[in-house]
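Report on the following structure.
Convention: sequence-line order gives letters A, B, ...; per-chain numbering from 1.
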Amino acid sequence: MSNLKINGKTLLKIGYPQSPVFRIAMNVVEQHYSHYTEEEVIELLTKVLADPAAYADNAILGEIAAGLLQPAVPDVIALRETPVPYAIYGESYIDPGAVRQLNNAVRLPVAVSGALMPDAHQGYGLPIGGVLAADNAVIPYGVGVDIGCRMCLSILDLPVQSLLINETSYTQQLMKFTKFGAGAEWKKREADPVLERSEFKDIRFVKNLFDKAAGQLGTSGSGNHFVEWGIATITDPGNEWQLPAGSYVALLSHSGSRGLGAQIAGHYTQLAKELCVLPDHAKHLAYLDLNSEAGQEYWLAMNLAGDYASACHHLIHKRLIEASGAALLARVENHHNFAWKEIHQGKEVIVHRKGATPAGKGVLGVIPGSMTAPGFIVRGKGETDSLQSASHGAGRLMSRTQAKAAITTQTLKQQLEEHGVTLIGGGLDEAPGAYKNIDTVMAAQTNLVEVIGQFLPKVVRMADGGPPED
DNA sequence: ATGTCC
C-alpha cells in the first residue's frame, strides 16, 4: 500500500484554483486514494476540475466538486479607519513593531478593544504581549502558533536545603523524566483522558494528529521552553493555600501543545486566510466567524490543544514529583497563548491573549523571568483597561539572531555561576541577556497584578542550542 | 513555536 499524498504544486500544475478546494483535494486524496498512483490521481482530479457539476453528488469527490463550484477568492475586507481604543503598559520598553501590529489589529471590523503588555514584541499577526477582544470571531494567529503555551508551578514540601545538597539527583531526574527538542517523542506512551477526547474522532484534520500527540504527551519542545527545579518564596501571608511565608522547593515548567497545536494553528490560519482576505499588511490577522463551521471547528481544536498542553505539564510534574518523593502543597498554572469567551463591559467577547497572562480579579498566574532572574507568582487585579491581562514574562530584548551574535558562551557561563544556576541544554538565544529586565516589566504592571511570591531557578533544562540533534 | 508544505 503506497502512501500517496498530492502536493500543492501538483494541484497548481493541473489548474486547481488557490482556494479552500486545495486542502479539500489533498485531504480526499490522502483519505481515499492513497492506493492510487500519482498519474491516476492526477487523471481523476483533472476530470473533476473539467466538469465539477457532474461530480456534485459523488460520495467522495462531491466535496472537491463543491469546492470548485464556490467562488474562488472572496473580496478583501477593509480595516476600519477609526481604531477601537487600547491601553499600553510600559510603552517606553516596547518594540515599535509590536505597537504597529496592535494598531492594525484594533482596526479589524471585529475588534472591540485591545491592550499591549510591557513585554510586547513583534510576532505574526497579533504581537507577542498583545491582547485583543473580538466580536464573535477568533483569529488563529491572535492565539499564536503554540496554542495553550503555558506555565505550571508546583510548590513541594521538600526542605530547601535538599535542593542545594542533592543537586545531582535533581539534575538526573530532569534528564530522566523530561524530553526536549523539535519532534521529540517518548518511546513508552502514557494513557491520559485528553487522548480519549471526541475531537480526535470528530474532527477529520485533528484525527490525523492523534498518533503524534500520543507520542509527544509529556514532552517540552524547544525554543524558550523549560523545566526547572528552583526555590519558591511565598511573601504574601494571606496566600490562597495558607502556606507560611517562606521558601519551598518548587518545580516550574513552560511549554505548549507541541506538534498538535502547531498543526492546528497552521491549518486553521490557512483556512482563515482563504475565507477572510484582509489587506496585505494585516493578512495574518485573518479571523473565523464563530458561527461558521470552520470557526466552530477551530474553537474545539484550540480547546483540545489547550487541554493537551495542560496534560503535558501535569505528566511532567507527576513524574518528577513522584521521583522526588515530595508532596504537592500548592499549584499555580495558566495559559498565556489562548482565546477565551469572557464578559467585558457587559458584553460577551472573544479575548485573545498571545503572550499575555490572564489577570482577572483574584486569578493566580506565573510570570517567568529568565534562567537567572526570578519569576513571579501573581494575583490578578481585574484591571478593565488591560482586559484583565498582564505580561507573560520579561519579553525579548534581542532577537534570537541578535542574541547569538552579541552573547558569548563565556558570558552565559559566568552569569549562571554568579547565580548558582545549573543549565542543561539551552542556547545563547535564551541567555538572560537576551531578555528585558523582569523588574522593570513588573514595575510597569503594578495596576494589573499583585505579587504574592517569587521563584528562583536552580537547575534548568531546555532544548539544546543550535539545530535539533536527534 | 514547529521536523518550517496548504
Side-chain angles (χ1 to χ4, degrees), chain A residues 3-14 16-31 45 64 67 72-73 121-130 140-151 179-185 204-205 208-209 211-213 215-216 219-226 253-277 283-284 286 294 298 302 305-306 308-309 312 335-338 353-355 392-393 395-396 399-400 427 429-430 462-470:
Chain A
N3 233 350
L4 179 71
K5 283 189 188 178
I6 200 91
N7 62 30
K9 229 186 236 173
T10 312
L11 287 173
L12 269 183
K13 216 161 86 185
I14 58 179
Y16 269 65
Q18 271 194 298
S19 72
V21 78
F22 243 62
R23 180 191 325 283
I24 296 168
M26 281 188 254
N27 283 343
V28 168
V29 169
E30 203 177 328
Q31 297 247 318
L45 291 177
I64 302 178
V73 182
H121 51 101
Q122 254 193 90
Y124 248 108
L126 202 62
I128 320 297
Y141 268 174
V143 170
V145 174
D146 192 6
I147 299 170
C149 187
R150 71 200 318 268
M151 304 302 304
K179 204 165 187 64
F180 285 81
E185 292 191 29
R204 202 159 50 110
F205 179 78
N208 294 329
L209 306 173
D211 197 58
K212 172 153 282 198
Q216 293 190 327
T219 62
S220 301
S222 60
N224 57 2
H225 290 171
F226 59 75
S253 53
H254 175 205
S255 54
S257 51
R258 309 290 286 103
L260 174 70
Q263 295 278 321
I264 290 170
H267 176 79
Y268 289 97
T269 293
Q270 191 60 33
L271 199 54
K273 282 182 187 164
E274 285 161 6
L275 298 168
C276 168
V277 181
K283 66 180 176 186
H284 298 304
Y298 174 75
M302 178 197 77
Y308 173 83
C312 285
H335 285 332
H336 53 221
N337 276 15
F338 211 63
R353 292 189 183 88
K354 184 186 192 181
H392 81 310
R396 279 199 167 274
S399 71
R400 293 190 181 280
D429 47 347
E430 289 301 327
M462 304 187 83
D464 292 324
E469 289 187 357
D470 51 0

*Distance (rounded to the nearest 0.5 Å) between A:Leu260 CG and A:Asp146 CG*: 10.5 Å
Scan [X] against the nucleic acid and name what it touches under 4.0 Å (heavy atoms): base, sugar-phosphate only, or nothing.
{"X": "A:Ser257", "result": "nothing"}
{"X": "A:Gly256", "result": "nothing"}
{"X": "A:Lys354", "result": "nothing"}

Among [options], which nucleotide has an atom closest to any side-chain atom of [X]?
{"X": "A:Phe22", "options": "B:dT2, B:dC6, B:dG3", "result": "B:dC6"}
{"X": "A:Ala262", "options": "B:dC6, B:dT2, B:dG3", "result": "B:dT2"}
{"X": "A:Ser222", "options": "B:dC6, B:dG3, B:dT2", "result": "B:dT2"}

_Earlier contact from the 5' end, DNA chain B, for A:Phe205 and A:Ser220_ = A:Ser220
*asked:* Please compare A:Val145 and A:Gln270 by the position of their nearest nucleotide in DNA chain B and report the one closer to 5'.
replied: A:Val145
Rounded off to whole Å, could you give me the [atom1]-to-[atom2] distance for the [X] and [N] pair?
{"X": "A:Tyr124", "N": "B:dT2", "atom1": "OH", "atom2": "C1'", "value": "13 Å"}
{"X": "A:His267", "N": "B:dT2", "atom1": "NE2", "atom2": "P", "value": "20 Å"}
{"X": "A:Asp464", "N": "B:dT2", "atom1": "CG", "atom2": "P", "value": "14 Å"}
{"X": "A:Asp429", "N": "B:dT2", "atom1": "CG", "atom2": "P", "value": "13 Å"}
{"X": "A:Leu45", "N": "B:dC6", "atom1": "CG", "atom2": "P", "value": "18 Å"}
{"X": "A:Asn27", "N": "B:dC6", "atom1": "CG", "atom2": "P", "value": "11 Å"}
{"X": "A:Phe180", "N": "B:dG3", "atom1": "CZ", "atom2": "C1'", "value": "18 Å"}
{"X": "A:Asn208", "N": "B:dC6", "atom1": "CG", "atom2": "P", "value": "12 Å"}

*Can you tell if the side chain of A:His336 reaches within under 4.5 Å of the side chain of A:His254, non-hydrogen atoms only?*
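Yes. Closest side-chain heavy atoms under 4.5 Å.
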*Look at the aromatic rings of A:Tyr124 and A:Tyr141 and report parallel, tilted or perpendicular, splitting at 30° and 60°.*
tilted
*So does A:Glu185 pair up with A:Lys179, basic N to acidic O under 4.0 Å?*
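Result for this pair is no, no salt bridge flagged.
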*Compare side-chain N and O positions of A:Lys9 against OP1 and OP2 of B:dC6 and report whether any pair is under 4.0 Å apart.*
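Result: no.
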_The criterion is salt bridge (charged side-chain N to carboxylate O under 4.0 Å, His left out); which residues satisfy it with A:Lys212, sequence neighbours excluded?_
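Testing A:Lys212 for salt bridge (charged side-chain N to carboxylate O under 4.0 Å, His left out), a comparison that skips the adjacent residues, returns none.
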